[in-house]
Amino acid sequence: MAMPETLDGEFDYIVVGAGSAGCVVANRLSADANNRVLLLEAGGQDDWMWFHIPVGYLFAIGNPRSDWMFETEPEPGLNGRALKYPRGKVIGGSSAINAMISMRGQAADYDHWRQLGLTGWGWDDVLPVFRRLDDHFLGDTEHHGAGGEWRVEQPRVRWAVLDAIARAANQMGVPATPDFNTGDNAGVGSFHVNQKRGLRWSAARGFLKPALRRPNLRLETGVLVERVLFEDRRAAGVRFTRHGRTFKARTRGEVILCAGAVGTPHILQLSGIGPADWLNGNGVPVLLDRKGVGRNLQDHLQQRAIYKVQGVKTLNETYHSLVGRALMGAEYALRRTGPLTMAPSQLGIFTTSSPEHERPNIQFHIQPLSLDRFGEPLHRFSAVTVAACNLRPTSRGTIRLRSADPAAPPMIAPNYLATEEDRRVAADAIRVTRRLMSQPALQPFHPVEYLPGPAVGNDDASLARAAGEIGTTIFHPIGTAKMGLPSDPYAVVDERLRLIGLRGLRVIDASVMPTITSGNTNTPTIMIADKGARMVLQDR
C-alpha cells in the first residue's frame with residue numbers, strides 16, 4: 001500500500017462531514033482566527049439549482065447527484081421490503097434535500113435526556129441555544145430569536161384542500177396552533193420552514209459559506225474518510241482518499257465526527273471502535289470494544305395514506321399540465337411564491353393515537369400531492385397524502401459495517417415495527433387518519449382512500465399489516481453513537497460528546513441523541529452542533 005501524502009501542517013481541529021452539524025461546528029471553531037480548522041466532506045458543492053429551489057427535493061431525493069442512495073436491509077416489520085434511505089450528498093448534507101421543516105420537538109424530550117443523567121441537556125438548557133440560532137420571522141420573543149444564522153419563515157403558498165383538512169382536525173378535537181416550537185407542539189397548523197425569500201436555507205448557506213471567507217478554515221470535498229488515526233489512544237488525525245490519492249491529516253487538538261447517524265458509526269467501526277464481534281467478523285483490528293457504536297438506531301416511520309379528492313386543486317394535476325408548470329415557474333420567477341416554494345409537507349398535526357398518551361405521540365405530514373415514492377412522478381389523479389408517524393418508537397435498529405472496505409456502504413437495519421407497542425401505534429394512527437378524513441369539512445371533496453385502501457379492515461392485525469405495506473422512512477435516523485453515562489455499556493459519548501474510553505475524539509451530530517425528538521430532527525441537530533462546538537472551545 002502506498003504511503004499517504006500528508007496535508008501541510010497540523011490542524012487544531014479536523015471536522016469530518018460538512019452536513020447540518022459539520023457546517024455549524026466548522027463555523028463556530030473557525031470564528032477564532034487562531035484555530036486552524038480542516039473540514040472534510042464526502043459530497044460535492046451545492047451548485048445545482050434544485051438544491052436551492054424548495055420543490056427541488058422531488059428531484060434531489062433518489063438522484064445519485066445529490067443522494068447517497070443508501071438502502072436498508074429487508075425489514076421483517078415491513079413485510080420483507082427494503083427501503084430507500086436518502087442522505088444528502090453535498091455540503092449542507094441532508095439539509096440540502098430535506099423537508100425544510102423547522103421543528104424542535106417537545107420540551108419533555110429534552111427533559112428526558114436530563115433525567116437520564118445528561119446534565120445540561122434539559123429543555124431549559126437547550127431553549128437558549130435554539131433562540132440564539134434563530135433568525136425567525138416572529139422576531140425576538142419568549143420562544144424565538146432574531147439575527148441568528150438559522151432562518152425561519154412562513155410558507156409562501158396555500159392550498160384550499162389543506163385549509164379544509166385543518167378544519168377537519170378542529171372538528172376532530174385538535175386545536176389550531178400558530179407555532180409548533182414552544183415546547184408543546186400539540187395542535188394543527190402550518191409548518192414553519194427554513195427558507196429565505198423563497199429559497200431553501202440549508203446549513204451550508206447559513207453557517208458554512210459565510211465562514212469560508214476565513215483563511216483559517218479549509219474545506220475539502222469529494223473526500224472518503226477511511227479511518228481515524230490514533231497515537232497512544234488519542235485521535236491524532238484521519239486518513240482519507242480523494243481522486244484516487246491517499247492523504248492523512250494531523251491534528252494537535254481534536255477529531256470531530258459530524259458524519260451523521262449513518263456515516264459516523266461507520267467511520268468509528270472502520271477505525272476499530274465498536275462491537276468487537278462486528279469488527280472481528282470483518283477483519284478490522286479492535287481498538288476499543290464499544291457495544292453501542294451502530295446500535296440504538298431510531299427513525300420515524302410514516303404510514304403514507306393517500307386519498308383521492310374531487311373538486312379541489314392539488315399539485316398532481318398542475319404537475320402534469322404544461323400550462324400549469326409554466327404558470328408555477330412564472331409565479332416563482334416574479335414573486336418567489338407558489339408551488340415551487342413548497343416544502344414536502346405544509347400542514348402538520350400533532351395529536352395522540354389513543355387516550356392513554358399524555359402528550360402527542362403521532363405527527364401528521366399532510367401534502368397536496370401524491371406519488372408512489374420520492375424520485376418518481378406524481379400521480380395523474382387529484383389526491384392528498386396524509387402521513388402519520390410514531391414520534392417516539394420503541395423499536396431499535398443498527399448500522400453495521402459491511403466490510404473493511406471504506407467505500408462499501410454500511411448495512412442499515414432500522415428494525416421498524418419490531419415491538420408490539422410500535423405496531424399498536426401504527427394501527428391506531430391509521431384509525432386516526434380515517435377519522436380525520438371522514439370529518440364534515442372534507443365531505444365536499446369526496447375523499448376516497450387509495451392507500452392503504454378500503455379493503456383493509458379496521459382491526460389491529462389488518463392495520464398493522466397495512467402499516468408494514470405502506471410504511472416508509474421520514475428520513476430521521478438518530479442515536480447510533482448515543483450520549484450516556486460511563487456506566488451505560490451502550491453509551492458511546494459522554495454528556496460533553498467526548499468518545500468514552502479515548503482522547504481527542506468527539507461526535508457532534510444526530511447520532512448522539514439518546515432518544516428521538518418528537519418531530520423533525522434537523523433543527524435539533526443544528527442545536528446539538530452549536531452546543532457541542534461551544535463545549536469543544538470551553539474544554540480546550
Side-chain angles (χ1 to χ4, degrees), residues 4-5 7 11-30 35-48 50-52 60 63-70 86-98 149 200-228 237-249 251 254-268 270-271 406-407 409-410 506-511 522 525-526 528-529 532-533:
E5 305 173 52
L7 291 192
F11 295 88
D12 293 283
Y13 302 105
I14 299 175
V15 181
V16 178
S20 296
C23 288
V24 179
V25 171
N27 177 297
R28 298 299 189 247
L29 297 183
S30 64
N35 290 334
R36 189 166 183 241
V37 180
L38 174 64
L39 178 59
L40 302 175
E41 166 56 34
Q45 297 287 341
D46 59 348
D47 52 1
W48 184 38
W50 293 121
F51 287 133
H52 306 290
N63 186 327
R65 175 174 183 167
S66 46
D67 181 352
W68 284 107
M69 306 294 287
F70 292 136
R87 297 283 87 196
K89 188 180 179 182
V90 60
I91 58 170
S94 294
S95 75
I97 67 171
N98 72 355
E149 298 99 332
R200 176 188 289 272
W201 193 254
S202 70
R205 287 191 69 196
F207 298 94
L208 178 58
K209 290 184 178 181
L212 286 175
R213 294 191 287 265
R214 301 168 183 163
N216 61 321
L217 174 59
R218 175 173 176 175
L219 169 67
E220 296 286 346
T221 59
V223 164
L224 175 65
V225 171
E226 295 184 335
R227 64 178 181 269
V228 180
V238 298
R239 177 187 171 105
F240 64 92
T241 58
R242 186 170 187 265
H243 302 320
R245 297 165 62 190
T246 302
F247 298 86
K248 67 177 179 180
T251 178
E254 297 186 40
V255 173
I256 303 168
L257 297 184
C258 301
V262 174
T264 285
H266 191 216
I267 293 170
L268 287 172
L270 290 168
S271 305
R506 292 196 206 221
V507 176
I508 305 180
D509 58 29
S511 65
N522 191 238
T525 300
I526 298 288
I528 288 168

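Index from 1, following the sequence. Keep in mind that this is a model prediction, so the values were computed, not measured. Hydrogens, waters and symmetry mates are skipped; everything else that's a heavy atom, side chains included, is used.
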Looking at [X] and [Y], would you say the former's side chain and the latter's main chain have a donor-acceptor pair under 3.5 Å?
| X | Y | result |
| --- | --- | --- |
| S94 | R87 | no |
| K89 | P64 | yes |
| T251 | E254 | yes |
| N216 | S30 | yes |
| N35 | V37 | no |
| R218 | L212 | no |
| D509 | A259 | yes |
| S271 | V228 | yes |
| E41 | T221 | no |

Heavy-atom closest contact ([X] atom, [Y] atom, distance):
| X | Y | result |
| --- | --- | --- |
| A96 | R200 | O-NE, 3.2 Å |
| S95 | A203 | OG-N, 3.0 Å |
| S20 | N522 | OG-ND2, 2.7 Å |
| P210 | A204 | CD-O, 4.2 Å |
| E220 | L38 | CG-CD1, 4.1 Å |
| A529 | V24 | CB-CB, 3.6 Å |

Is there side-chain contact between [X] and [Y], with heavy atoms separated by less than 4.5 Å?
| X | Y | value |
| --- | --- | --- |
| I526 | F207 | yes |
| L39 | I14 | no |
| P86 | W68 | no |
| F240 | L224 | no |
| V16 | I256 | no |
| L257 | I508 | no |
| V225 | P406 | no |
| E226 | T241 | yes |

Fill in: Salt bridge flag under 4.0 Å for residues E5 and R245
yes
Worksheet item: Between Q45 and I91, does a side chain to side chain contact (heavy atoms under 4.5 Å, CB included) hold up when you go through it step by step?
Response: CA-CA 6 Å; Q45 297 287 341; I91 58 170; 3.4 Å; yes
Worksheet item: In Å, rounded to the nearest 0.5 Å, how long is the span from CZ of R242 to CZ of F247?
Response: 7.0 Å
Response to the item:
One should read off an interatomic distance between L208 CG and L217 CG, to the nearest 0.5 angstrom, of 6.5 Å
Discussion item. Let's go through N27 and R214 carefully: what are the C-alpha distance in whole Å and the side-chain angles of both, what is the deciding distance for side chain to side chain contact (heavy atoms under 4.5 Å, CB included) to 0.1 Å, and is it a yes or a no?
Written reply: CA-CA 9 Å; N27 177 297; R214 301 168 183 163; 4.1 Å; yes
Discussion item. Test of understanding: with salt bridge (charged side-chain N to carboxylate O under 4.0 Å, His left out), list the residues that count as partners of R28, not counting sequence neighbours.
Written reply: E149, D530
Fill in: Contacts of D12 that satisfy side chain to side chain donor-acceptor pair (under 3.5 Å) - sequence neighbours left out
R252
Worksheet item: Going through the distances and angles, do S66 and W48 end up as a side chain to side chain contact (heavy atoms under 4.5 Å, CB included)?
Response: CA-CA 9 Å; S66 46; W48 184 38; 3.7 Å; yes
Worksheet entry | Of all pairs that satisfy side chain to side chain donor-acceptor pair (under 3.5 Å), the ones with a partner from residues 202-213, not counting sequence neighbours | D46-K209
Discussion item. When you measure from the centre of the six-membered ring of F11, is the NZ or CZ of R36 closer than 6.0 Å and no more than 45° off the axis?
Written reply: yes
